[in-house]
Peer 1: 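Let me begin by handing over the structure; questions about it come next.
Numbering of ligands and ligand atoms starts at 1, following listing order. If you're wondering where the values come from, they're calculated on a predicted model, not measured in any experiment.
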Amino acid sequence: MSENKLNIQMVDLKSQYLKIKSQVDLAISEVINSTQFINGSHVKGFQSELADYMGVKHVITCGNGTDALQIAMMGLGLKPGDEVITPSFTYIATTEVIALLGLKPVFVDCDPKTFNISVNEIEKAITNKTKAIVPVHLFGQSSNMNSIMDLAKKYKLFVIEDNAQAIGCDYYGFSETQKTGTIGDVGCTSFFPSKNLGCYGDGGALMTNNDDLAEKFKMIANHGQSKKYYHDRVGCNSRLDNLQAAVLRIKLKELDNYIKSRMIAADYYDEKLRDNPFLEIPFRDSKSNHVFHQYTIKLSEEINRDHLIQFLTSKDIPAMVYYPVPAHQQKMFTNIPASVKSMKSTEWLSQRVISLPMHTELSIKQQDFIIENITNFLKNLK
Ligand SMILES: *Cc1c(COP(=O)(O)O)cnc(C)c1O
């Protein structure tokens, strides 16, 4: 078979769409016919269906995941100068909103096994100005929420979960299983098309069990409005539109199947790559499942990552580096007051990680081809 025919992509949204095409097309044309583009019935319906799925009291949808983080920090009343603890090994949005609001990002190293924020490093970074911790459940696996919630209680800090990559992930650390994103004061997520629950444009949401916070988030996302044309505080304009909500209602019903497909694909990669001495497969933390937004491996130091990527590209196999530059090394923070702790693991990982194609439509044939080529490349180095 020619390499092109396999059509391997990092994320295959087209094949996924084709399986739900008739439902999606119908829903979209109904919304257009209704001309209810903003605040339509699907937005309400989706909010309540997602709240049920997550086991959380309130879901407030908004324009995207970055806005969700911003609205969360505004709603919690964080003020310029307040310190917010964040991992540096994350997508830039997490850290950008901290700076945007004039808060001080305190970058903390990650655990090289899980890629998630290191709990030991969090405690060392806490000062009397610290107001919040933002754990990011990176690549689809929960941060250590037991310890993070303990620290938050001990030092009276807010916890804002960045759940953009882990929607549907179960955390087993407490007496009852909880979904990530519902454990802290507020959880933020993104419906960017390539996320595990993605729409056909931009979208995001906040979730919380706190009634007062829910009211604040709603108000902030809607120009600080308490009733029509009465604006009590400075907010922003951030909403999920009705077309996106209609698509998301259909895809939410598939989410558990989508997660299962990702897990099956991850198990297969694991099985075939586990014994390779030149790489490390993803670590699975027993306190949560892993919903595999990304399948990210670590290459040993004798491997030239660029050469591997070039080789895979020549075989029409995409591979990506999430993330090549940690947040604390981004130019955007050059002139911003920030605190950078030891970043040994983060900096090492940014040089060694590589993410393989991972999505709901991966076939065994495609995976075999990916695995065979990686294995061949690594073997030939000897
Ligand atoms: C995608 C993502 C975001 C931002 O979501 P957008 O909808 O693109 O604004 C924030 N944090 C993490 C970890 C993400 O992966």
Peer 1: If you have a sec, work out which protein heavy atom is nearest atom 11 (N) of ligand 1 and how many Å separate them, to one decimal?
Peer 2: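 Checking every protein heavy atom, the shortest distance to atom 11 (N) of ligand 1 gives D162 OD2, 2.7 Å.
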Peer 1: Tell me whether Q367 contacts the main-chain N or O of I371 through its side chain, where contact means a donor paired with an acceptor under 3.5 Å.
Peer 2: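 It does not hold such a pair.
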Peer 1: Within the distance-only criterion (no hydrogens, no angle test), does the side chain of Q36 pair as donor or acceptor with the backbone N or O of N242 below 3.5 angstrom?
Peer 2: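 Answer holds: no.
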Peer 1: Could an N or O of ligand 1 be found under 3.5 Å from any N or O of A93, whether backbone or side chain?
Peer 2: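 No: no nitrogen or oxygen of A93 is under 3.5 Å from one in ligand 1.
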Peer 1: Which ligand 1 atoms are under 4.0 Å away from a heavy-atom of N64?
Peer 2: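 So the atoms of ligand 1 that pass are 7 (O), 9 (O).
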Peer 1: Is the shortest distance from a Lys or Arg side-chain nitrogen in D82 or K129 to a carboxylate oxygen in the other one below 4.0 Å?
Peer 2: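 Judged by the 4.0 Å cut-off on N to carboxylate O distance, D82 and K129 do not form a salt bridge.
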Peer 1: Which atoms of ligand 1 have any heavy atom of V136 under 4.0 Å away?
Peer 2: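 In order of numbering, the contacting atoms are 13 (C).
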Peer 1: Could you tell me whether some N/O pair between S190 and ligand 1 is separated by less than 3.5 angstrom?
Peer 2: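 Min N/O separation from ligand 1 is below 3.5 Å for S190.
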Peer 1: If hydrogens are left out, which of K195, H137, E96 has an atom nearest to atom 2 (C) of ligand 1, that is, the closest non-hydrogen atom?
Peer 2: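 Heavy atom nearest to atom 2 (C) of ligand 1 belongs to K195.
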Peer 1: For atom 9 (O) of ligand 1, which protein heavy atom lies nearest, and how many Å away is it?
Peer 2: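 Ranked first by proximity to atom 9 (O) of ligand 1 is T66 OG1, 2.5 Å.
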Peer 1: To the nearest 0.1 Å, how far is atom 15 (O) of ligand 1 from its closest protein heavy atom, and which atom is that?
Peer 2: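 Nearest neighbour among protein heavy atoms for atom 15 (O) of ligand 1, to 0.1 Å: Q165 NE2, 2.8 Å.
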Peer 1: Distance check, rounded to the nearest 0.5 Å: R239 atom CZ versus N39 atom CG?
Peer 2: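 Spacing of CZ (R239) from CG (N39) equals 6.5 Å.
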Peer 1: Any salt bridge linking K251 with E254? Criterion: basic side-chain nitrogen under 4.0 Å from a carboxylate oxygen.
Peer 2: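 No salt bridge links K251 with E254.
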Peer 1: Under 3.5 Å, sequence neighbours excluded: what are the donor-acceptor pairs made by side chains of residues 272-281?
Peer 2:
| residue | atom | partner | partner atom | Å |
| --- | --- | --- | --- | --- |
| N276 | OD1 | F278 | N | 2.9 |
| E280 | OE2 | K298 | NZ | 3.4 |

